[in-house]
Protein chains: 2
Amino acid sequence: MSITIKDVARAANVSYSTVSRALKNSPKISAKTTEKIRRIAKELNYIPNAVARELSSQKTTTVGFIYNIGTHKSNLDPIMEGIEETVAKEGFQLLSFNSRENLKTEHNYLRFLHEKRAEGILIFPVITEEGSNLSYLKSLIKGNIPVVVIDRYFPELDTDYVVSDNFGGAYEATAHLIKLGHRRIGYITGQEYQTSVYDRLEGYKKALEDHRIIYQKELIKKVAPKLPSSIEEGWRATKDLLKERPTAIFTYNEIATVGALKAIREEGINVPEDLAFIGFDEVAVASHIFMPLTVVMQQAYKIGEMGARMIIERVKHLHQKKDCLETRHISVKTKLLVRDSCGAKLKGRMKVNLEGDIDGFNS
Amino acid sequence: MSITIKDVARAANVSYSTVSRALKNSPKISAKTTEKIRRIAKELNYIPNAVARELSSQKTTTVGFIYNIGTHKSNLDPIMEGIEETVAKEGFQLLSFNSRENLKTEHNYLRFLHEKRAEGILIFPVITEEGSNLSYLKSLIKGNIPVVVIDRYFPELDTDYVVSDNFGGAYEATAHLIKLGHRRIGYITGQEYQTSVYDRLEGYKKALEDHRIIYQKELIKKVAPKLPSSIEEGWRATKDLLKERPTAIFTYNEIATVGALKAIREEGINVPEDLAFIGFDEVAVASHIFMPLTVVMQQAYKIGEMGARMIIERVKHLHQKKDCLETRHISVKTKLLVRDSCGAKLKGRMKVNLEGDIDGFNS
DNA sequence: TTAGTGTATGCAAACGTTAGCTCACCATAA
DNA sequence: TTATGGTGAGCTAACGTTTGCATACACTAA
């Protein structure tokens, strides 16, 4: 087939173990020989066979990443970038696959990576009402293949994970609206079996509680998990919500944000004068053509970077056969990006109106 | 390390070649033995070692896909889906990597796939002013690794490719605007060393020519290739263009569309009453919160599907050592999706006004 | 001279499969 | 009975590397 190390050895008139060593710059081989071998290898256009290398050396320096596009979108790319760059920096290789929010597909990729002898697995897992591949993950871990969960987590699984501080992000956004004087803050949420969705809702509730605002069920509207896109759901939920006359709306993700903005625009409501708006996650297109949105930003690159670091640390640890590492749970802070849609920049003007509202409702 | 075929053989009290055959359902092994071996393999939780399998069998059934996010976005996902599903259907495995519009990164991934002995490569290539990895692609082909280029092509390289009918799509959109009565049709374009960009511009020009409209240079504005996003560029180009008083604008891609809509909105221009708008590629968020856009849709899934089919056909052909296949160039038709922004639905109302224009300019 | 010590290289056994070949066994037909 | 053929299973040589160990050689020191 193609040129092997033996062909190079023959051409250089050395044994093939010498070629192998020269090509990886072993100090055992003299500079002269090394240089000659490298030159000949290049002349022959020798491409090492990674398959043979992996089999022989019993290591693949490969980590797998299974992600999941379905609900969530724009964050993924910087997460991947963070992972790719970190993994490369550590001299590892990354194999990534999109499970498309499908349990069976995810299972197939896990199996694939297992057969390929990936040394560690990063996963942004599928978690649906029907379940998850938790048991497969457990079997990987039992078989000494470390797993780091990204962006979601399994409360039942004692493994490393890195997520955004969803609770804190939602808390901060809600508190921000409260500080601007809002008391009737609507929240568009999703399916609570997703840990991130659950945690955001809790953050919202806690912010209300800490500011002595009574949580009102009718100000929470839930979107159904309709795939591929539930923009229509976000739109419907917002239409419903608007009947409750909130003075502010907070949406739990990008899709909901788009649906909400559509509804708001249809109703002819002015943002932020008549309604303050904050979304979880930036929607760049909307910020450009609708108005600069106040959003909770996730540090997606950092999430990827931390996840990659964790998995590689574990893999290296395993190579050295040291004692087991502690499990680590990392929560990456979010940032509230205050722009136009929340009305903070109009605060002076709005205060009166809102405080009037407050008096009417609260005192 | 982990459980091997020999462990299974021992447990089943057969030779390990028998295990190997039983596990791939060879007809040489009796049903009873096969069943027993499968049961034992499952009990031991045996996971075949793909690395060893590939080395021994001298085939990887793997194809690589190197894509490229940088300019272009929403199309990629359906392209990947088309590739993934087709590749899986054919019993192959897909390894995909994002070159991020970076020549060096692309080169690294090409090398990686080469070392991993991928049997074929699909590539949505980086082509910049500084060049491309054309020579690497050539060396792959010379080494009997087929290459199929996706979404772009190299005029200098005689290889399979599959692209959208960019010329036709731009032609159809332009002709549509002309049929609606427009004569001053502005066009936002990009860097012409991209074949798709060049072809779209040519489609626009040809439509004008065929309808006897004189091509006016000042109605073409070009965005600079500023990364990561050139929304600002699209915005600036559109601002410039609007000074020329076009009655319609056509944008060459998503990013330009967003920039254009931002500019249009800022200027307080009503679409479609005062300005008809068509974009190349759908921008879902804009269609929801701005207005349903008339767009040239690419059949992205199909592009992926065709590309995957072509590469796998070549790989299989090579397995059978038949004579060489002809190179094939596939151009996948686009579809003009007529919605609100082009004004077709208002045609009755606009006709008079526009035809007045036409008389003024043309007769 | 001889032993000792590096240094540079070669030898050969792994790594976990696949697959071509051989072989044992049994049933059938002559 | 013997030849014939088919079936089911085992033996073993690959596949292209890596790597521990052996070895050859040239020094230096005793």
Participant: Within this structure, what is the NZ-to-C1' distance between A/Lys36 and C/dT9, rounded to whole angstrom?
Facilitator: 12 Å
Participant: With salt bridge (charged side-chain N to carboxylate O under 4.0 Å, His left out) as the test, pick out the partner of A/Glu54 among B/Lys116, B/Arg117, B/Arg53.
Facilitator: B/Lys116
Participant: Using five pairs at either end of the helix from C/dT1-D/dA30 to C/dA30-D/dT1, determine the angle between the two local helix axes and round it to 10 degrees.
Facilitator: 60°
Participant: Tell me which residues in residues 16-35 of chain A lie within less than 4.0 Å of DNA chain D, going by non-hydrogen atoms.
Facilitator: A/Tyr16, A/Ser17, A/Ser20, A/Arg21, A/Lys24
Participant: What is the separation between atom CZ on A/Arg10 and atom C1' on D/dG16, rounded to the nearest whole Å?
Facilitator: 13 Å
Participant: Please give, in whole Å, the distance from D/dG10 C1' to B/Asn13 CG?
Facilitator: 12 Å
Participant: Could you give me the CA-CA distance, side-chain angles and deciding distance for B/Lys89 and B/Glu85, then say whether salt bridge (charged side-chain N to carboxylate O under 4.0 Å, His left out) is met?
Facilitator: CA-CA 6 Å; B/Lys89 205 178 295 168; B/Glu85 291 186 359; 5.8 Å; no
Participant: Any side-chain N or O of A/Gln58 below 4.0 angstrom from OP1/OP2 of C/dG16?
Facilitator: yes
Participant: Do A/Pro146 and A/Val315 touch side chain to side chain, with heavy atoms closer than 4.5 Å?
Facilitator: yes
Participant: For residues 80-102 of chain A, pull every pair meeting ring-ring contact (aromatic ring centres under 6.0 Å, His included), keeping only residues two or more places apart or in separate chains.
Facilitator: A/Phe97-A/Tyr109, A/Phe97-A/Phe112
Participant: CZ of A/Arg117 versus C1' of C/dT17: gap in Å, rounded?
Facilitator: 11 Å
Participant: A/Asn68 versus A/Asp151: any side-chain heavy-atom pair under 4.5 Å?
Facilitator: no
Participant: State whether B/Ser15 places a side-chain N or O below 4.0 Å from either non-bridging phosphate oxygen (OP1 or OP2) of D/dG10.
Facilitator: yes
Participant: Taking salt bridge (Lys or Arg N to Asp or Glu O under 4.0 Å) as the cut-off, I'd like each qualifying pair that reaches into residues 12-33 of chain A, sequence neighbours left out, listed once.
Facilitator: none
Participant: A side-chain contact here means heavy atoms from C-beta on lying under 4.5 Å apart; do B/Phe65 and B/Val87 qualify?
Facilitator: no
Participant: Going by heavy atoms in the side chains, are B/Leu134 and B/Glu156 under 4.5 Å from each other?
Facilitator: yes
Participant: In whole angstroms, how far is the P atom of C/dG16 from the NZ atom of A/Lys59?
Facilitator: 15 Å
Participant: Do A/Asn133 and A/Val126 make a side-chain contact, defined as non-hydrogen atoms from C-beta onward lying under 4.5 Å apart?
Facilitator: no
Participant: Assign the ring pair A/His114 / A/Tyr136 to parallel, tilted or perpendicular, where the plane angle (0 to 90°) is split at 30° and 60°.
Facilitator: perpendicular
Participant: Are the side chain of B/Arg152 and the backbone of B/Gln194 linked by a donor-acceptor contact shorter than 3.5 Å?
Facilitator: no
Participant: Dump the pairs, protein N or O against N or O of nucleotides 23-27 of chain C, anything under 3.5 Å, distances to one decimal.
Facilitator:
none

Participant: In Å, rounded to the nearest 0.5 Å, how long is the span from CD1 of B/Ile69 to CZ of B/Arg100?
Facilitator: 7.0 Å
Participant: Do B/Pro48 and A/Arg111 come close enough that some side-chain heavy atom pair is under 4.5 Å?
Facilitator: yes
Participant: Go through C/dT17, C/dG10, D/dT17 for me and flag the one nearest to the A/Ile5 side chain.
Facilitator: D/dT17
Participant: Hey, can you pull the residues of residues 46-56 of chain A with a non-hydrogen atom under 4.0 angstrom from DNA chain C?
Facilitator: A/Leu55, A/Ser56
